[in-house]
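Notes for the one structure printed next.
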Amino acid sequence: MTKLQQWLLGVSLVVAVWAVVTFDLLDLRLSRTYREVAWPMPLYLLVSFGCYSLATVGYRLATFNDCEEAALELQQQIQEAREDLRKRGLNM
Amino acid sequence: MHVAMASRKSPQTNRDSGDKYSVLLPTYNERENLPLIVWLLVKYFGESGYDYEIIVIDDGSPDGTLEVAEQLQKIYGKDRILLRPRAKKLGLGTAYIHGVKHATGNFIFIMDADLSHHPKFIPEFIQKQREANYDLVSSTRYAGNGGVYGWDLRRKLISRGANFLTQVLLRPNASDLTGSFRLYKKKVLENLVERCVSKGYVFQMEMIVRARQLNYTVGEVPISFVDRVYGESKLGGNEILSFVKGLLTLFATT
């Protein structure tokens, strides 16, 4: 099963459960509370996911490590390498 | 990163372990960087004692990269520096296939020749691989103390955003899918490259996704990625678009 198929399956299941509860498709005669809560769920889940995404990407952006020392170290090693290679006869 | 001294074996022990590491270096116009990356590879492999060879796969660079490679061969020896050039710029996947054909190692390193991937991480990759006999070990810029130098906020945002999208859609169980600094068991690389059809960034992603499909084990090593090229070549709308297209293709087909 591809990831797309997994997603479609998952979404179908959630939509099916939501529809059954909200529109009383199986004649379950659930109390009003269930239906009132279920009805806005899809929108609520989407908005929650949107907020989660923004927060996560924002957090990861803010904590993205900056490797200053690595850049400095590389610069030094480049000098060292050029010297050594020149000694060994490299024409650059 | 510090490795506990107790777990570091002597160079002699490392040499005797029987493992050999072939480093594949696809190059295109890397006349300036090739000697430097080779020097660093020789330094870190030499210090750690692991057996290695460096395979330079030049795609007909007009700037004379191959000439420099030949000079390096004279300096370091034909058993350490192998040249497998190609006539013109072909894909990365085919470069790996081409390189692996002539590799005498049982492990393959793939990395960029532009010094964004630092050979100092090579011993860490090797130790990580040995920890659990991983089929492949991938670099990560996002986890642990991995990181980047030389990116502005925009670039970092695109990077994190793209990675988040990839995680949501593909759930790959790997923190950095577009990284191309990796260590593979030779058979694993051969197997995976055969099955991969994408290009560019997406190719690297596909390798990991297919590895997961085939139940290969994947380890990670945080690295510092020093981008000296970003200033010259900004990440444009075209590249982003083709990345998204590639991602959606992987999403729909794997």
Side-chain angles (χ1 to χ4, degrees), chain A residues 1-18 41-92, chain B residues 31-40 42-43 67-68 71-72 74-76 115-116 118-120 141-151 153 155-165 167-172 175 209 213 222-228 248-254:
Chain A
M1 199 188 281
T2 68
K3 293 288 183 299
L4 176 60
Q5 287 166 338
Q6 286 173 6
W7 266 82
L8 290 174
L9 185 64
V11 169
S12 312
L13 271 164
V14 169
V15 169
V17 168
W18 172 79
M41 264 304 171
L43 188 61
Y44 177 72
L45 287 172
L46 265 160
V47 171
S48 299
F49 179 70
C51 292
Y52 166 76
S53 304
L54 280 172
T56 305
V57 174
Y59 173 75
R60 289 177 180 172
L61 178 62
T63 56
F64 211 154
N65 283 330
D66 267 312
C67 311
E68 305 275 357
E69 309 123 25
L72 279 167
E73 180 191 41
L74 182 62
Q75 284 300 25
Q76 286 167 352
Q77 288 182 322
I78 288 177
Q79 302 299 354
E80 208 188 317
R82 286 207 171 117
E83 267 309 304
D84 190 40
L85 286 166
R86 201 173 302 141
K87 285 194 200 120
R88 290 172 190 258
L90 186 77
N91 271 330
M92 285 194 76
Chain B
R31 186 200 180 86
E32 300 276 327
N33 290 326
L34 185 60
L36 303 171
I37 187 93
V38 167
W39 188 87
L40 286 168
V42 170
K43 173 185 160 83
E67 284 175 324
V68 173
Q71 287 190 55
L72 289 165
K74 287 205 189 74
I75 296 174
Y76 291 112
L115 298 173
S116 54
H118 199 303
K120 70 178 175 181
R141 294 158 295 177
Y142 303 128
N145 60 356
V148 176
Y149 177 83
W151 281 1
L153 204 63
R155 182 69 182 86
K156 284 184 185 175
L157 177 60
I158 294 174
S159 185
R160 282 298 198 176
N163 182 258
F164 180 77
L165 191 60
Q167 296 291 333
V168 167
L169 291 179
L170 301 181
R171 300 187 326 269
S175 62
V209 169
Q213 273 183 332
I223 63 156
S224 51
F225 181 93
V226 177
D227 194 341
R228 300 150 74 224
L248 291 176
T249 310
L250 278 181
F251 178 61
T253 59
T254 61

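Order of the sequence lines fixes the chain letters, A, B, ..., with proteins taken first and strands second; residue numbering starts at 1 for each chain. Here the structure is a predicted model, which is why all the values come from computation and not from measurement.
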Note, [X] side chain near [Y] side chain (heavy atom, < 4.5 Å):
X        : Y        : answer
B/Val226 : A/Gln75  : no
B/Leu248 : A/Leu4   : no
A/Asn65  : B/Arg141 : no
B/Arg228 : A/Ile78  : yes
A/Asn91  : B/Gln71  : yes
B/Leu72  : A/Leu85  : yes

Going through the distances and angles, do A/Gln77 and B/Lys120 end up as a side chain to side chain contact (heavy atoms under 4.5 Å, CB included)?
CA-CA 11 Å; A/Gln77 288 182 322; B/Lys120 70 178 175 181; 5.9 Å; no
Measure [X] against the heavy atoms of chain A and call it side chain, backbone, both or neither at under 4.5 Å.
X        : result
B/Glu32  : both
B/Val168 : both
B/Leu40  : side chain
B/Lys43  : side chain
B/Ser224 : both

Within 45 degrees of the ring normal and closer than 6.0 Å to the centroid, is that where the cationic atom of A/Arg60 sits relative to B/Phe164?
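Pair A/Arg60/B/Phe164 does not count as cation-pi.
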Measure up the B/Tyr142 and A/Phe64 rings against each other and bin them: parallel (under 30°), tilted (30 to 60°), perpendicular (over 60°).
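Ring orientation of B/Tyr142 relative to A/Phe64: tilted.
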Top contributor to chain A contacts, counting heavy-atom pairs under 4.5 Å, from B/Val148, B/Leu169, B/Val209, B/Leu165:
B/Val148
